[in-house]
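Please read the structure below before turning to the comments.
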Amino acid sequence: MARAEKVAAVAELTERFQSSSGAVLAEYRGLTVAQLAELRHALGERATFSVVKNTLTKLAAAEAGIAAELEGLLSGPSAIAFVEGDVVEAAKGLRDFARVNPALVIKGGVIDGKPMSPSEIERLADLESREVLLAMLAGAMKASMANAAATLNALPVQMARLAGALQAKLEAEGGATAQADAAQADAAQADAAQAGTDPGSADTPNDEPAAAAADDPSTEE
């Protein structure tokens with residue numbers, strides 16, 4: 001490969017490392033051209049699978065700032081799956097293809113700037129895809145909105161019941177207060193009537209003049 005071609009290849013790899021959401025490295029030794037084409041189809045439109053040269057890839061990784069993350073992965077026949085879309089879908093495609101074609105060996109990779117081991121990529125493949133998660137989120141939001149609407153619709157009925165219960169309580173308390181006031185008024189009237197008919201209080205004014213006359217010396221003969 002001429003120097004100009006190498007420079008162009010490094011520049012292209014650098015740009016793909018920088019623009020991709022993930023890059024998964026794999027060893028493809030033993031895969032046929034037909035199997036590689038099948039793998040590319042399995043990855044879908046938002047991921048590519050390219051055979052790379054380790055030396056040029058190391059240079060590109062250094063320029064992209066991820067040399068440390070790929071250290072130790074660039075040995076032997078290497079290919080890289082550059083992911084521009086859902087990394088979970090790409091991980092699923094690689095995992096499922098490797099199960100049927102053991103010649104594909106996942107070495108590791110970089111997802112969102114973080115190094116990923118083969119086992120971590122396997123666990124990533126077990127997650128739900130972005131589309132499924134969005135559908136689940138939409139369903140949860142729809143259910144929450146339906147519950148909120150039901151709650152809002154029930155508020156007028158609940159408020160009416162609360163107002164009725166409050167009115168009944170106030171009326172009951174008002175009736176009890178009126179009865180207590182009437183009882184107090186009746187008791188006061190009874191006390192007043194009893195005070196007006198007391199014999200002791202009626203005889204006292206008439207007895208005082210008689211006592212005074214008995215004590216007056218001028219009345220004696």
Taking the side chain as C-beta and beyond, is there a heavy-atom pair between [X] and [Y] under 4.5 Å?
X: Val110; Y: Met116; value: no
X: Val24; Y: Phe82; value: no
X: Ser50; Y: Ile80; value: no
X: Arg40; Y: Leu43; value: no

* Asked: Does Asp126 come within less than 4.0 Å of Arg95, counting only side-chain N to carboxylate O?
  ->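 Answer for the salt bridge query: yes.
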* Should Arg99 and Glu122 count as an ion pair when the cut-off is N to O under 4.0 Å? -> yes
Keeping the roles fixed (side chain from [X], backbone from [Y]), state whether a donor-acceptor pair exists under 3.5 Å.
X: Lys92; Y: Leu127; value: yes
X: Ser21; Y: Val83; value: yes
X: Ser117; Y: Glu120; value: yes
X: Thr14; Y: Val10; value: yes
X: Thr32; Y: Gly30; value: no
X: Asn101; Y: Leu31; value: no
X: Gln18; Y: Glu15; value: no
X: Lys107; Y: Leu25; value: no
X: Glu89; Y: Asp86; value: no

* Tyr28/Phe49 aromatic ring centres below 6.0 Å ->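 No, too far apart.
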* Asked: Do the side chains of Val52 and Phe17 join up, straight or via other hydrophobic residues, at under 4.5 Å, putting them in one cluster?
  -> yes
* To do: Using side-chain hydrogen bond (donor to acceptor under 3.5 Å, both in side chains) as the criterion, list what pairs up with Asp96, not counting sequence neighbours.
  =>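 Asp96: no side-chain hydrogen bond (donor to acceptor under 3.5 Å, both in side chains) contacts found.
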* Residues forming a salt bridge (charged side-chain N to carboxylate O under 4.0 Å, His left out) with Glu27, sequence neighbours excluded ->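 For Glu27 the salt bridge (charged side-chain N to carboxylate O under 4.0 Å, His left out) partners, ignoring immediate neighbours, are Arg29.
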For [X] and [Y], work out which heavy atoms get closest and say how close.
X: Ala47; Y: Ala90; result: CB-CB, 4.4 Å
X: Asn54; Y: Ser78; result: OD1-OG, 2.8 Å
X: Ala98; Y: Leu104; result: CB-O, 3.6 Å

* **Partner set under side-chain contact (heavy atoms from CB on, under 4.5 Å) for Glu71, not counting sequence neighbours** => none
Can you tell me how far the [atom1] atom of [X] sits from the [atom2] atom of [Y], to the nearest 0.5 Å?
X: Ile111; Y: Ser20; atom1: CD1; atom2: OG; answer: 9.5 Å
X: Leu56; Y: Lys58; atom1: CG; atom2: NZ; answer: 11.0 Å
X: Thr57; Y: Leu74; atom1: OG1; atom2: CG; answer: 5.5 Å

* Assess whether side chain to side chain contact (heavy atoms under 4.5 Å, CB included) is satisfied between Phe97 and Gln35, documenting all intermediate values. => CA-CA 9 Å; Phe97 186 87; Gln35 288 173 325; 4.2 Å; yes
